Chemist: 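Shown below is the structure under consideration.
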Amino acid sequence: MRRACVAGWPVAHSLSPALHGWWLKKYRIEGSYDAREATAQQLPALLEQLKQEAYAGCNLTLPHKELVLSLLQSMDEEARRIGAANTLILKDGAWHGLNTDAFGFAENLRRKAPGLAKQNALLLGAGGAARAVAAALLRMGFGRIAVCNRTRAKADALATQFGERVHSLSWEEKDTQLSRADLLVNATSLGMHGQGELALDLAGLPAHAVVADIVYKPLETPLLRQARERGLKCVDGLGMLIWQAVPAFEAWFGVRPEVTAELEQFMLERAL
Ligand code: NAP
């Protein structure tokens with residue numbers, strides 16, 4: 001029996017067991033996917049335990065995605081570039097790290113916003129998830145990506161690392177950048193339950209602009225509500241979560257799983 005899990009602290013809120021469980025049932029695979037609680041200090045011991053239990057791999061959520069890199073024997077180019085791994089594969093007793101968040105964001109955006117103009121993107125945030133989004137936007141062919149982050153030094157580092165199409169701006173400059181944005185992405189934790197609200201007036205966005213928020217608790221963040229009320233195309237964070245799981249499931253269980261309307265409805269009910 002193939003086994004995988006998600007490790008994090010806290011982890012009880014994770015939607016990943018429901019998602020992978022749905023595919024395991026659909027494809028009649030004899031396997032399991034559970035949630036393991038582990039603090040940053042406990043992660044090395046947990047990875048050792050998963051080895052002993054012959055797991056096929058695991059997902060990582062907060063606070064492990066960046067910390068885990070020093071515990072891996074190898075990683076793919078995307079994980080190295082982003083500086084974070086959200087998916088681990090155990091092969092011949094060695095841990096290999098992948099970052100499938102960038103794929104998840106790009107694939108979801110491609111499907112939910114076909115015809116999206118790709119001249120200018122405005123990216124809010126410069127944490128682990130924002131770096132995955134930046135990698136995705138570059139891969140999708142965006143001409144210019146402006147990154148605004150509260151801590152300017154992190155936006156500067158992101159721009160330096162990702163090359164000439166990525167520009168670092170101050171947090172205050174986000175308002176003046178709106179008028180040229182084809183795509184606005186919130187990759188900060190603002191708007192998430194228990195975090196502060198993102199104070200941004202979307203009146204300056206062009207009518208063709210798409211607004212994506214990777215926060216998925218709540219599914220419709222105040223930012224997305226404002227965008228919907230303005231009649232703009234909105235993309236919520238649940239699709240990214242679903243799509244990042246596709247290559248992970250395939251790597252562990254040997255089947256490329258489908259993202260169907262039925263699955264999206266199942267996940268939507270759990271996310272609300
Ligand atoms: P992170 O590394 O901790 O980064 C947090 C980001 O939010 C940083 O840019 C931080 O700015 C900014 N921020 C936090 N509080 C702020 C405030 N009061 N004002 C302005 N900026 C603030 O976290 P992460 O891993 O990148 O995750 C960010 C969000 O993405 C989380 O809500 C997470 O749940 C979500 N996420 C969703 C998916 C998905 O599949 N949909 C996947 C991954 C993450 P500073 O640099 O100044 O601290």
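The structure displayed is predicted, hence computed values, not measured ones. Every number for a ligand or one of its atoms is a count from 1 in the order of the listing.
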Chemist: Should you measure from each heavy atom of Ala129, which atoms of ligand 1 turn up under 4.0 Å away?
Modeler: 24 (P), 25 (O), 26 (O), 27 (O), 30 (O), 43 (C), 44 (C)

Chemist: Looking only at heavy atoms of Gly196, does any of them come nearer than 4.0 Å to an atom of ligand 1?
Modeler: no

Chemist: Gly237 to ligand 1: N or O pair under 3.5 Å?
Modeler: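 By distance alone, the answer is yes.
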
Chemist: Which heavy atom of the protein is the closest neighbour of atom 42 (C) of ligand 1, given with residue, atom name and distance?
Modeler: Met240 CE, 3.8 Å

Chemist: What is the closest protein heavy atom to atom 28 (C) of ligand 1, and at what distance does it sit?
Modeler: Ala187 O, 3.7 Å

Chemist: Side chain or backbone of Ala126 under 4.0 Å from ligand 1, or both, or neither, by non-hydrogen atoms?
Modeler: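 Near ligand 1, Ala126 shows its backbone, while the atoms from C-beta on stay back.
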
Chemist: Looking only at the side chains, is there a donor atom on one of Asn86 and Asp101 sitting less than 3.5 Å from an acceptor on the other?
Modeler: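 A pair is found: one side chain offers a donor N or O, the other an acceptor, under 3.5 Å apart.
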
Chemist: What I want to find out is whether Arg2 reaches Glu30 closely enough, with some N-O distance under 4.0 Å, to be called a salt bridge.
Modeler: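 So Arg2 does not pair with Glu30 through a salt bridge.
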
Chemist: Kindly state if atom 39 (C) of ligand 1 has a protein heavy atom within a strict 4.0 Å cut-off, that is, under 4.0 Å?
Modeler: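 Yes, there is one.
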
Chemist: Would Asp101 count as a polar contact of ligand 1, with the cut-off being nitrogen or oxygen pairs under 3.5 Å?
Modeler: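 No, since none of the N or O atoms of Asp101 sits under 3.5 Å from an N or O of ligand 1.
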
Chemist: Does any N or O in the side chain of Lys51 come within less than 3.5 Å of the main-chain N or O of Gly93, such that one atom is a donor and the other an acceptor?
Modeler: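 Here the side-chain-to-backbone pair exists.
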
Chemist: Have Asn59 and Ser16 got a donor and an acceptor in their side chains that come within less than 3.5 Å?
Modeler: no

Chemist: Identify whether the distance between the nearest side-chain nitrogen and carboxylate oxygen of Asp156 and Arg152 falls below 4.0 Å.
Modeler: yes

Chemist: Identify, for atom 4 (O) of ligand 1, the protein heavy atom at the shortest distance, and state residue, atom and that distance.
Modeler: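 Protein heavy atom with the smallest distance to atom 4 (O) of ligand 1: Gly127 CA, 3.6 Å.
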
Chemist: Lys65 heavy atoms, cut-off 4.0 Å: which ligand 1 atoms fall inside?
Modeler: 43 (C)

Chemist: Can you confirm, on distance only, whether ligand 1 has an N/O atom lying under 3.5 Å from any N/O atom belonging to Gly128?
Modeler: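 By distance alone, the answer is yes.
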
Chemist: One residue to check: Ala132. Relative to ligand 1, which of side chain, backbone, both or neither has a non-hydrogen atom less than 4.0 Å away?
Modeler: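 Within the 4.0 Å criterion, Ala132 makes no contact with ligand 1.
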
Chemist: Relative to Trp171, does Lys174 satisfy both conditions: NZ or CZ under 6.0 angstrom from the six-membered ring centre, and within 45 degrees of the ring's axis?
Modeler: yes

Chemist: Note the single closest protein heavy atom to atom 10 (C) of ligand 1, along with its residue, its atom name and the distance in Å.
Modeler: Asn149 OD1, 4.0 Å

Chemist: Between Ser170 and Glu173, does any side-chain donor sit less than 3.5 Å from a side-chain acceptor?
Modeler: yes

Chemist: What atoms of ligand 1 come closer than 4.0 angstrom to any heavy atom of Lys154?
Modeler: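 Selected atoms, number and element: 45 (P), 46 (O), 48 (O).
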
Chemist: Which protein non-hydrogen atom lies closest to atom 47 (O) of ligand 1, naming both residue and atom, and how far is it?
Modeler: Thr151 OG1, 2.5 Å

Chemist: Do Arg36 and Tyr55 have side-chain atoms, one donor and one acceptor, less than 3.5 Å apart?
Modeler: yes

Chemist: Quick one: do Leu122 and Leu183 satisfy side chain to side chain contact (heavy atoms under 4.5 Å, CB included)? Show the steps, please.
Modeler: CA-CA 6 Å; Leu122 175 55; Leu183 171 70; over 6 Å; no

Chemist: Between Glu107 and Lys112, does the salt bridge (charged side-chain N to carboxylate O under 4.0 Å, His left out) criterion hold? Intermediate values first, please.
Modeler: CA-CA 9 Å; Glu107 197 58 24; Lys112 296 280 162 56; over 6 Å; no

Chemist: Going by the atom numbers of ligand 1, which of them fall below 4.0 Å from some non-hydrogen atom of Gly125?
Modeler: 9 (O)

Chemist: Nearest protein heavy atom to atom 6 (C) of ligand 1, by residue and atom, and its distance?
Modeler: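 Of the protein heavy atoms, Thr188 CA, 3.8 Å lies nearest.
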
Chemist: Looking at atom 23 (O) of ligand 1, would you say a protein heavy atom lies below 4.0 Å from it?
Modeler: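 No, because not a single protein heavy atom sits under 4.0 Å from atom 23 (O) of ligand 1.
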
Chemist: Taking 4.0 angstrom as the limit and counting only heavy atoms of Leu241, give me the atoms of ligand 1 inside it, by number and element.
Modeler: 40 (O)

Chemist: Do Thr221 and Asn186 have side-chain atoms, one donor and one acceptor, less than 3.5 Å apart?
Modeler: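 Asn186 and Thr221 do not have a side-chain donor-acceptor pair below 3.5 Å.
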
Chemist: Of the non-hydrogen atoms in Arg131 and Phe162, which two are nearest, and what is the gap between them?
Modeler: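 Minimum heavy-atom contact is O-CZ, 3.6 Å.
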
Chemist: Give the residue, atom name and distance (to 0.1 Å) of the protein heavy atom nearest atom 14 (C) of ligand 1.
Modeler: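 Among all protein heavy atoms, the one nearest atom 14 (C) of ligand 1 is Ser189 OG, 3.3 Å.
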
Chemist: Enumerate the atoms of ligand 1 whose separation from the nearest heavy atom of Leu190 is less than 4.0 angstrom.
Modeler: 16 (C), 17 (C), 18 (N), 19 (N), 20 (C), 21 (N)

Chemist: Could you pull out, from Met192, Arg150, Glu197, the option with a heavy atom nearest to atom 48 (O) of ligand 1?
Modeler: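 Closest candidate by heavy-atom distance is Arg150.
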
Chemist: So which protein heavy atom does atom 35 (C) of ligand 1 come closest to, and at what separation?
Modeler: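 Heavy-atom neighbour on the protein nearest atom 35 (C) of ligand 1: Ile214 CD1, 3.9 Å.
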
Chemist: Classify the contact between Phe105 and ligand 1 as side chain, backbone, both or neither, using a heavy-atom distance cut-off of under 4.0 Å.
Modeler: neither

